[in-house]
Amino acid sequence: MTQTSKTAVQAAEMSSRAPEKYINRVTLGARLKQYTRSPLSLILMILVMLAAVFSVGMLLFIIAYILINGVPHLTAEQFAWEYTTENVSMMPAIINTLSMVAMTLVIAVPIGVFAAVYLVEYAKRGNKLVKIIRVTTETLSGIPSIVFGLFGYLMFNLSLGWGFSILAGVVTLAMMILPLIIRTTEEALLAVPDSYREGSFGLGAGKMRTVFRVILPTAVPGIMSGIILAIGRIVGESAALIFTSGSGHSLPGALAGSGSSAATLTVHMYILSTEGLHVNEAFASAVVLLVITFIINLISDLIERHIAKKKG
């Protein structure tokens, strides 16, 4: 074999071992040359890039504004166990927020996941009941939170006699996030290929075993995404909770009835900012809320990766 033939063979071997990320790679110059031949595509590309830069810029601006105005006003007194008018402690509000997140997810996640399993796996396709449920969930997801708050106040606080209580707030929040969990879980289940179901049935597994051992574990990333969005809505909700759980600055002594009013961190921030006497402390509370939201999302992402790694 001549030297030229050896060189050609080595080049072919190197090209065959080239990383996949270099396959069909278009350089920036070639891309710009393509866009110059199509001005409309160039304009759309510029608009898309500007929209992305604007969105990221606004997010960074909001985070920086909160940190700059809130971090200097963080004090140890704000993390005292008991709230007073002097320390305006946010610790009871933090505990109330975490408690509401946990209790709301315990109620809403099983109902939402099982409802989505029924819609995708058990209900007949084209069933009128399925269409009614989907229209209902889409309608509920578009209702403003203040409407949920008014309904919860009339239903739970007055009709059932719960009063301003943490239980009334939890049930109201569960109704708010239920359509979100149903829709995201349904989309995650629909994304699972039918070959998984056929393979499980072919190995002799029943319907229930297929759903809980094959379909649901595969759809966990999509389900976790919906849960993360639901957590964000729970943590950031204030309007509905003012009407249902109230604005108590202490830890509730019961789930319902007298002494069960509980203000979350967002309600705590709202009260401090509207009073006009503790605006700096409200910014400090916003910093803590931002950190809590980040930690919750980080933990959810780690759980999702652990489940995916264990499955893989």
Side-chain angles (χ1 to χ4, degrees), residues 44-79 83 87-102 104-105 141-149 169 172-173 176-177 179-181 183-184 224-243 245 247 249 262-304:
L44 291 176
M45 183 195 71
I46 294 174
L47 292 177
V48 170
M49 293 179 64
L50 289 176
V53 172
F54 177 79
S55 301
V56 175
M58 286 299 297
L59 176 63
L60 295 177
F61 172 76
I62 293 173
I63 294 176
Y65 183 80
I66 294 174
L67 294 178
I68 292 172
N69 290 276
V71 171
H73 302 288
L74 284 171
T75 59
E77 290 78 10
Q78 294 178 351
F79 295 94
Y83 173 91
N87 60 21
V88 290
S89 174
M90 69 178 83
M91 183 57 69
I94 294 175
I95 297 176
N96 291 335
T97 301
L98 298 178
S99 301
M100 281 197 177
V101 169
T104 304
L105 293 180
S141 62
I143 294 178
S145 60
I146 189 67
V147 177
F148 282 100
T172 304
L173 289 175
M176 290 177 57
I177 68 171
L180 175 62
I181 295 178
R183 292 300 296 165
T184 53
M224 289 298 299
S225 299
I227 294 175
I228 292 173
L229 293 175
I231 292 174
R233 187 167 186 182
I234 296 170
V235 173
E237 186 55 49
S238 60
L241 294 178
I242 292 175
F243 286 96
S245 62
S247 57
H249 289 291
T264 59
L265 200 53
T266 52
V267 177
H268 175 77
M269 290 168 46
Y270 172 77
I271 295 173
L272 294 182
S273 60
T274 52
E275 288 178 349
L277 300 176
H278 304 285
V279 178
N280 294 331
E281 287 78 3
F283 275 108
S285 302
V287 173
V288 176
L289 180 62
L290 188 67
V291 173
I292 290 175
T293 305
F294 175 76
I295 292 175
I296 292 176
N297 290 337
L298 180 61
I299 293 174
S300 302
D301 184 65
L302 292 176
I303 293 174
E304 178 184 343

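Atom set for the values below is all heavy atoms of this structure, side chains included, hydrogens, waters and symmetry mates excluded.
In this structure, NE2 in H278 is found 11.5 Å from OG in S273, a value given to the nearest 0.5 Å.
Across S145 and A240, no two heavy atoms sit closer than the pair O-CB, 3.6 Å. In this structure, I146 and F243 approach most closely via the heavy-atom pair CD1-CE1, 3.1 Å. Residues S89 and F79 approach most closely at OG-C, 3.9 Å, considering heavy atoms. V287 approaches V71 most closely through the heavy-atom pair CG2-N, 3.9 Å. The shortest heavy-atom contact between Y83 and V88 is CE1-CA, 3.3 Å. Of all non-hydrogen atoms in G226 and T184, the two that sit nearest each other are CA-OG1, 3.4 Å.
Checking side-chain atoms of T104 against main-chain N and O of V101 turns up no donor-acceptor pair under 3.5 Å. A donor-acceptor distance shorter than 3.5 angstrom exists from the side chain of Q78 to the backbone of H73, with no hydrogens or angles considered. Checking side-chain atoms of T266 against main-chain N and O of E237 turns up a donor-acceptor pair under 3.5 Å.
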| field | Intermediate values then yes/no, side-chain contact (heavy atoms from CB on, under 4.5 Å), T97 and I292 | value | CA-CA 10 Å; T97 301; I292 290 175; 5.5 Å; no
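Under a cut-off of 6.0 angstrom, the local environment of OH in Y270 is sparse, with at most 12 non-hydrogen atoms contributed by other residues, nucleotides or ligands.
Not counting sequence neighbours, the partners of L44 by the side chain to side chain contact (heavy atoms under 4.5 Å, CB included) test are L40.
Residues L229 and I181 are not in side-chain contact: their nearest non-hydrogen atoms beyond the backbone lie 4.5 Å or more apart.
In this structure, H268 and H249 have perpendicular ring planes: the angle between them is above 60°, well past the 30° mark.
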